[in-house]
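The figures that follow rest on heavy atoms only: side chains count, while hydrogens, waters and symmetry mates do not.
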Number of protein chains: 2
Amino acid sequence: MSAAALFAPLAPRNREDAARPAPAELPTMYSAGAEIYAQGDRADRLYRVAFGAVRVYRLLADGRRQICAFYLPGEVFGFEVDGRHHFFAEAACASGIAAIRQVSSDEASREHLESALRSLVRAQEHLLVVGRQNALERIAAFLVDMAERQGDLAQFDLPMSRSDIGDYLGLTIETVSRVFSKLRAQGVIRLLGIRSVEMAKPGVLRALCE
Amino acid sequence: MSAAALFAPLAPRNREDAARPAPAELPTMYSAGAEIYAQGDRADRLYRVAFGAVRVYRLLADGRRQICAFYLPGEVFGFEVDGRHHFFAEAACASGIAAIRQVSSDEASREHLESALRSLVRAQEHLLVVGRQNALERIAAFLVDMAERQGDLAQFDLPMSRSDIGDYLGLTIETVSRVFSKLRAQGVIRLLGIRSVEMAKPGVLRALCE
DNA sequence: ACTGAAGATTGACACGCATCAACGCCTCCG
DNA sequence: CGGAGGCGTTGATGCGTGTCAATCTTCAGT
């Protein structure tokens, strides 16, 4: 039994796919804001980010939004139980995303289990940030996380808007903006562009996360 | 952990056995507050709650605590990546917990993957509560969740302290207590005991969660 | 049953962040 | 080139929840 058993049988997307036994996973282009799947959709495949970034979120009835996770190049998302998506997924910026066909080899199954567990650990760690840290600590944790996931370089990109960052951290865009300004004023970060950050004092940032 | 729980032979399983919550492993007793595993411990097995409740949490350097999840009877926990526990797990009240040997059979791994994915969805939904709902909504969501996971009866138990509830919802015990009092004053719930609740107006509670 | 400690409740007050509002900057497109 | 609209920044103000403190309740141990 493989991970594929958890998902509904994969319907061929077109005649070509059905005819090809081992299709190459070519990324599909998504422009910023484009929907990848919606809450309630059938969950019959996984996705791997080739470039760009994906936001996975949920909405309350009155429109409040919580982004549960961002997925960056190389990362896999789309796991669900019971064959239905419980969340929305959209490209946070222009992105390339490859659909992964559910394969039945043990190796692929193990790999997907590992990806799912990594998402679980990440979600639980995110809970600590959102549930118990203040605005400054949340932004610091977010910046450190983004840097680490992009090779841990001093300079890195924020492939999403301030609004996305706020909805990821449980803050408003105004608070996000104020904290960025404060960190910049203190020389902890430099903003090379609206979406490009340089960690001037990584030690300070890391200390803020505790 | 008793030797019996560690080395109890796995009964051969068929499809129906896997679906049934009753495990072949014998549960070990844990008193309230007893540690099941700690951050940094080797993660070499899973656990299934027989009775009682488990809290899985993480700490900040200054002692702030975030409970990522509660596990109730029948539920499986202990998933990790890279063979190390990233969290602490303790009995939230007197509990019986069975260790599950990591087996490589396809059937067991399928079952575990499903449990892991269920934990993932639950954690992501919990993020919405903690990140975007106010104190009243959080408590309402918590009560509805607890009721549903205990058979969706009007009356149910809270197998954890107010402090645990606060650390699960990202609130202080004072706020938790105040919201309970408010719901009781409005006739939405009745407190049959300090840890026993009756949903007098389930519709109101569900509406609060949106 | 008595006693002490831990947990829970309630009140007063403070503060961090949300809200509301104004403005600047950039991009798109006529 | 100019206007419009989206996004980001900054300021003023209010509210919800944290903090501190006092009291009450529950429960375990003697």
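In this view, A/Asp164 and A/Arg55, A/Arg65 satisfy the salt bridge (Lys or Arg N to Asp or Glu O under 4.0 Å) rule, not counting sequence neighbours. The salt bridge (Lys or Arg N to Asp or Glu O under 4.0 Å) search around B/Arg149 returns B/Glu75, B/Asp145, not counting sequence neighbours. Partners of A/Tyr37 under the ring-ring contact (aromatic ring centres under 6.0 Å, His included) rule, at least two apart in sequence or in another chain, are A/Tyr47, A/His85.
Spacing between atom CZ of B/Phe180 and atom P of C/dT9 amounts to 8 Å, rounded to whole angstrom units.
Residue B/Ser181 places at least one side-chain N or O closer than 4.0 Å to OP1 or OP2 of C/dT10.
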What pairs of donor and acceptor atoms, side-chain ones from residues 198-210 of chain B against any protein atom, are under 3.5 angstrom apart with sequence neighbours left out?
{"unit_1": "B/Glu198", "atom_1": "OE2", "unit_2": "B/Arg190", "atom_2": "NH2", "d": "3.3"}
{"unit_1": "B/Lys201", "atom_1": "NZ", "unit_2": "B/Gln186", "atom_2": "O", "d": "3.3"}
{"unit_1": "B/Arg206", "atom_1": "NH1", "unit_2": "B/Glu148", "atom_2": "OE2", "d": "3.0"}
{"unit_1": "B/Arg206", "atom_1": "NH2", "unit_2": "B/Asp152", "atom_2": "OD1", "d": "3.3"}
{"unit_1": "B/Glu210", "atom_1": "OE1", "unit_2": "A/Arg64", "atom_2": "NH2", "d": "2.7"}

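The side chain of A/Arg184 lies closest to D/dT10 when the candidates are C/dT10, D/dG8, D/dT10.
Between the A/His126 side chain and the A/Tyr168 main chain, a donor and an acceptor come within less than 3.5 Å of each other.
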> Taking protein heavy atoms under 4.0 Å as touching, what does nucleotides 17-22 of chain D look like 5' to 3' if B marks base contact, S marks sugar-phosphate-only contact and - marks none?
Replying inline: SSBB--

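Using a 4.0 Å cut-off between a side-chain N of Lys or Arg and a carboxylate O of Asp or Glu, B/Glu174 and B/Arg178 do not qualify as a salt bridge.
Among the heavy atoms of the strands lying under 4.0 Å from A/Ser161 are primed sugar atoms or P, OP1, OP2 only; no base atom is included.
Among the duplex regions that DNA chain C forms, those built from at least three successive Watson-Crick or G-U pairs under 3.5 Å are C:1-30 with D:1-30, ordered by first number.
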